[in-house]
Amino acid sequence: MTQTALITGASRGLGAALAKALAPTHHIIAVGKTVGALEELDDAIQAAGGAATLAPMDITVDEAMQQLCRGIFDRWGTLDLWLHTAIHAAPLAPAGHIGPKDLTKSIAVNIEAASRLIAYVSPLLGAKGRAVFFDDPRGGQQFFGSYGATKAAQIALARSWQAETVKTGPKIDILTPDPMPTATRARFYPGEDRAPLTNPTTEAARLLPLILGG
C-alpha cells in the first residue's frame, strides 16, 4: 500500500523539493496557495512516475483545513507523514516599526494555522505517523521581530507536541535546513550572492533520510 505524505507549503522552495523527493515512495498531498506552481509540481511528479493530489488552499482558512483533513480520512483513513513548510515572511523592520497587518498575518500563518493543523492532523497520523517541522532560528536578530518571534513560537509549539507524544506517537521531528536560495530568503537578503547557498533539491536529498528514518 502506497504511503501518504501531506506537505503544507508545497508549491515552491523546500516544500516542492521534498514533494518530488518523496514522490517515488509516497502519494503526495500538496497544499499551497499558488495553483500554477502546484500544477507544475504535479507535472514533475507524474513525469517521474509518482502521483499527487493537489489542494490549492490557504492554511489560515479553518474550514478549508477541516475539509482537507476530512478528505484525507475519507480517502485513505490515515496519514503517514506531514511536512509543514508553509511560512509567512513579513518584511524586515525594527521592533518598534513592525506593521500591525504584517504581525497579524505572521501570527495567523506561523502560529494559529500550525496549531489548528496539529489538532486536525494528529488523529490522522495516529501512533505510527510522523510530523516534521523546519526551524529557522531568527528570534532575537535585529529587524527579524515579526518573523523571528512567530517562527520561534511555531517551533515551541512543535516541541511541546513532541514532548507530549514521546510514548504515544506520532513521532515529531524538528529539522534545521541549510540556507537555500528561496523566495523567502530573497525577501530577507535582497542582493545576496546566492551561489554559495544550497539548492532546495540538494537539501531535500540530505533531509530525506532524517525525515524517513531519523
Excluding sequence neighbours, so at least two apart, what forms side-chain contact (heavy atoms from CB on, under 4.5 Å) with [X]?
X: I155; result: F133, D135, K151, R159, I174
X: A16; result: L41
X: L208; result: A21, L22, L212

Exercise. Tell me, do L124 and F73 make a side-chain contact under 4.5 Å, heavy atoms counted?
Worked result: yes
Problem set entry | Any side-chain heavy-atom pair of P179 and R185 under 4.5 Å | yes
For this session: Output yes when R116 and D62 qualify as a salt bridge under the 4.0 Å nitrogen-oxygen rule, no when they do not.
Result: yes
For this session: Please name the residue in the list I29, L14, T85 that meets the side-chain contact (heavy atoms from CB on, under 4.5 Å) test with I7.
Result: T85
Exercise. Is there a donor-acceptor pair closer than 3.5 Å between any side-chain N or O of Q162 and the backbone N or O of I172?
Worked result: yes
Seminar exercise, completed: For R70, the side-chain hydrogen bond (donor to acceptor under 3.5 Å, both in side chains) test, sequence neighbours excluded, returns D74
For this session: Apply side-chain hydrogen bond (donor to acceptor under 3.5 Å, both in side chains) to T182 and list each qualifying residue two or more places apart in sequence or on a separate chain.
Result: none
Exercise. Tracing side-chain links under 4.5 Å among I, L, V, M, F, W and Y, which residues wind up in one group with I87?
Worked result: L92, F143, F144, Y147, F188, Y189
Exercise. Stepwise, does the side-chain contact (heavy atoms from CB on, under 4.5 Å) test hold for L68 with M57?
Worked result: CA-CA 9 Å; L68 170 71; M57 296 177 173; 3.8 Å; yes
